[in-house]
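Reviewing the structure listed below.
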Amino acid sequence: MILYNLFLLLILACSSEGSTDTPPVDKDPSTEKPSETLLIKNQNPLSVDFVGNGAQWGGYELIENFTGVDDFNEADWNTLKERIDFMRPSFMRIMVSAGWNYTDTDGAFQPEKGNNAFHRIMQYCTDNQITVMFGEWGHSYLNGDRNQVDETWLDNAVNYLDYLIDTKGYSCIKYYNMINEPNGDWSSTNTDYELWQKVASGFQSRLESKGLHQSVKLAGPDIAVFGDAGAVNWITRSKSKFNEKLGLYDIHAYPTKSFVTEGGYLEMLKAYKGAIPEGEQIVLGEIGIKFYGADADLQTENLNRINADPYASDDSNMSVYDGTYAIDISDAMVQSMMAGFSGALVWDVDDAMYNKSGSGSGPDAKKLKRWGFWNILGEEAFGGASDEEIRPFFYPVSLLCRYFPKGADIYEVQLPNKKGLRAIAAKKGDTYTLAIVNSNFVAYDDLSIKAEDNFSFDGVSQYVCTSMPDGSFQAKVDANGFALPLEQDMSIPLDGKHKVNIPARSVIVLTNMP
């Protein structure tokens, strides 16, 4: 559970009195330097009609193997639902595959096969008007030849989509993502752009023949990128082939911590944004931070922690238990909005969604992909109820979902030259959110906030979370572990006179959105 120290945060948080780290002293006005300013450039948005932030939410295909039943118990479902209610995501990604979801062991079409947990999630997204990017993990092919696309499988895939929308009424499905990370050698397409295009085109033609293309748009190319813009040609080629039929561009980003915090990540994202057609939108279909290359010492630490955990596979990020990841993933999400992306989906909601092997049996069946906000099946199947508790990064990510909602306009914040300092603003109706991230280990005090039109920011709630030097996490939360504001009903004149103190390794969210 998230810990907090309200007294410390009140000292460090937003203030009109300047830094409280040292006693006030008289200053000579002739030598005092002017305050440095965060300028909200709210005249011309970076992006409009924001799709939203959210997360990958799986279908829990292995839940019956883990617990003996194909659904959550009511206590777990109520807890899960309450947490997503608080998070209030506008956007989620849910992926399926034939054998798990809609064909029997002989390959016959069986749309009713999906488990009850999957259908609860789909109904929840429909009821709460969450935009879902649905899709297929990989394509089916014949005779061991990837290029011999199984046309019957393609028919089944679109028929299953039709079943979910027209029979089950899951109107939340707005985008379809055909094949996960097709530029990877782990993908069913094995890096072959032409093959991905062939499969995606086959699906698109079937969408049109069913009349589903009016309500569901193709998303892609869903490529995985790490530390450069080397795969940008997948964007340009898909733009040329699909044109307006590609309703949403998306990529996955798994940068290192140092690439995010030290520089390079923002420019990489801008390269992908710059490759899409003018007026179109691009999102991060998955985002997470991995340890490799320059972060080799963190990789070693991560592997040591994996080896000490009987339920962690080698595809796990054990820093999800730490305060440091809360700051780093927030930094990455804020930079995605700074680059003009229209949303970001964190990988992922829940450890219990996926294991490494993809199988419900065998010695590795309970080796999970530990990336989640929690493990909702901890008590039932994974060593204890403590694993069901909320982890630190839910605190800031939930706020970046709640207060950067669907339909918002996103505005640049011009920043002073401070290492690790990032900020972004959103407007919906007459309400605003300002999110500030400081990934540096140095606090920045006595900064000003200003907007281009000097409006008054009234009725503001202020949230602050901090990763401490030992990696522990501090934030104010309620009994459920949900974020609470440090202050409420604040009035902040955005004329450059109000000062803000930004703690080291922190996220601050200021909002008057309801």
Side-chain angles (χ1 to χ4, degrees), residues 56-74 76-77 80-81 92-127 130 132-142 149-180 187-188 199 202-203 206-207 209-210 212 215-216 219 348-362 364-366 368-369 376-377 380-381:
Q56 175 84 22
W57 203 6
Y60 297 87
E61 287 84 2
L62 296 171
I63 190 171
E64 189 168 3
N65 300 83
F66 294 154
T67 68
V69 293
D70 76 342
D71 201 354
F72 308 102
N73 64 46
E74 288 308 304
D76 283 342
W77 173 246
L80 188 58
K81 185 161 63 70
M92 290 289 212
R93 180 173 182 254
I94 300 173
M95 301 290 282
V96 296
S97 60
W100 283 112
N101 296 94
Y102 57 86
T103 59
D104 64 20
T105 53
D106 297 323
F109 185 54
Q110 187 182 345
E112 302 86 0
K113 183 178 181 179
N115 65 35
N116 287 323
F118 166 77
H119 286 291
R120 285 218 207 205
I121 291 168
M122 295 303 299
Q123 190 63 56
Y124 179 91
C125 290
T126 300
D127 292 345
I130 297 170
V132 169
M133 181 162 61
F134 199 72
E136 195 81 24
W137 285 114
H139 78 290
S140 178
Y141 48 90
L142 305 173
V149 178
D150 184 348
E151 300 292 332
T152 300
W153 161 76
L154 265 177
D155 291 338
N156 288 340
V158 77
N159 287 336
Y160 186 53
L161 178 64
D162 186 42
Y163 167 80
L164 294 175
I165 293 174
D166 290 343
T167 302
K168 300 296 290 183
Y170 299 148
S171 57
C172 56
I173 303 172
K174 301 299 183 185
Y175 300 104
Y176 201 96
N177 165 201
M178 177 49 75
I179 302 179
N180 180 66
S187 170
S188 67
V199 178
F203 188 82
R206 286 165 171 80
L207 270 184
S209 67
K210 284 274 188 184
L212 291 171
S215 57
V216 180
D348 54 18
V349 168
D350 193 343
D351 293 353
M353 299 188 316
Y354 306 120
N355 67 1
K356 176 67 184 295
S357 68
S359 171
S361 60
D364 293 331
K366 285 194 172 182
L368 302 175
K369 295 190 175 191
I376 203 64
L377 301 179
E380 291 82 359

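Interatomic distance, CG of Asp155 versus OG of Ser209, reported as 8.5 Å (0.5 Å rounding). Atom CE of Met133 sits about 10.5 Å away from atom CD1 of Ile94, to the nearest 0.5 Å. For the atom pair Met92 CE and Asp348 CG, the distance stands at 10.5 Å (nearest 0.5 Å). Here Leu164 contributes atom CG and Ser171 contributes atom OG; the two are 11.5 Å apart, rounded to the nearest 0.5 Å. Once rounded to the nearest 0.5 Å, the distance linking CD of Gln123 with CZ of Phe118 reads 11.5 Å. Note: Cys172 SG to Phe134 CZ = 8.5 Å, rounded to the nearest 0.5 Å.
Residues Met353 and Met95 fail the side-chain proximity criterion, which asks for heavy atoms closer than 4.5 Å. Between Val349 and Ile376 the shortest side-chain heavy-atom distance does not fall below 4.5 Å. Between His119 and Lys168 the shortest side-chain heavy-atom distance falls below 4.5 Å. You'll find the side chain of Val199 reaches within 4.5 Å of the side chain of Trp153, heavy atoms only.
Of all the heavy atoms in Val216 and Leu161, the pair that sits closest is CG1-CD2, 4.3 Å. The minimum heavy-atom distance between Tyr160 and Asn101, with the atom names listed, is OH-O, 3.8 Å. Looking at every heavy atom in both residues, Glu136 comes nearest to Ala98 through OE2-N, 3.5 Å. Minimum interatomic distance between Thr126 and Tyr170 (heavy atoms only, all atoms of both residues): OG1-CA, 3.3 Å. The heavy-atom pair separating Ile179 from Ser187 by the smallest distance is CG2-OG, 3.6 Å. Annotation for Asp150 and Thr152: closest pair OD1-N, 3.0 Å, computed over non-hydrogen atoms.
Judged by distance alone, the side chain of Asn115 and the main-chain N or O of Ala117 form a donor-acceptor pair under 3.5 Å. At distances below 3.5 Å, not a single donor-acceptor pair connects side-chain atoms of Asp162 with backbone N or O atoms of Val158. Under the 3.5 Å distance criterion, the side-chain polar atoms of Asn355 are matched with a main-chain donor or acceptor of Ser359. A donor-acceptor pair is defined here as one N or O able to donate and one able to accept, closer than 3.5 Å; such a pair exists between the side chain of Lys113 and the backbone of Gly99. Side-chain atoms of Asn73 come within 3.5 Å of backbone N or O of Asp76 as a donor-acceptor pair.
Between Trp57 and Tyr124, the distance from one ring center to the other falls under 6.0 angstrom. Ring pair Phe72/Tyr60: centre-to-centre distance below 6.0 Å.
A tilted orientation is assigned to the rings of Tyr141 and His139, their planes being inclined by 30° to 60°.
A donor-acceptor pair shorter than 3.5 Å can be found between the side chains of Asn159 and Lys210. Side chain to side chain, Gln56 and Tyr354 meet the donor-acceptor criterion of an N or O pair below 3.5 Å.
Partners of Arg120 under the side chain to side chain contact (heavy atoms under 4.5 Å, CB included) rule, at least two apart in sequence or in another chain, are Asp71, Glu74, Trp77.
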* To do: Step by step, work out the side chain to side chain contact (heavy atoms under 4.5 Å, CB included) result for Lys366 and Asn65.
  => CA-CA 9 Å; Lys366 285 194 172 182; Asn65 300 83; over 6 Å; no
inquiry  = Between Glu112 and Tyr163, does the side chain to side chain contact (heavy atoms under 4.5 Å, CB included) criterion hold? Intermediate values first, please.
reply    = CA-CA 9 Å; Glu112 302 86 0; Tyr163 167 80; 3.8 Å; yes
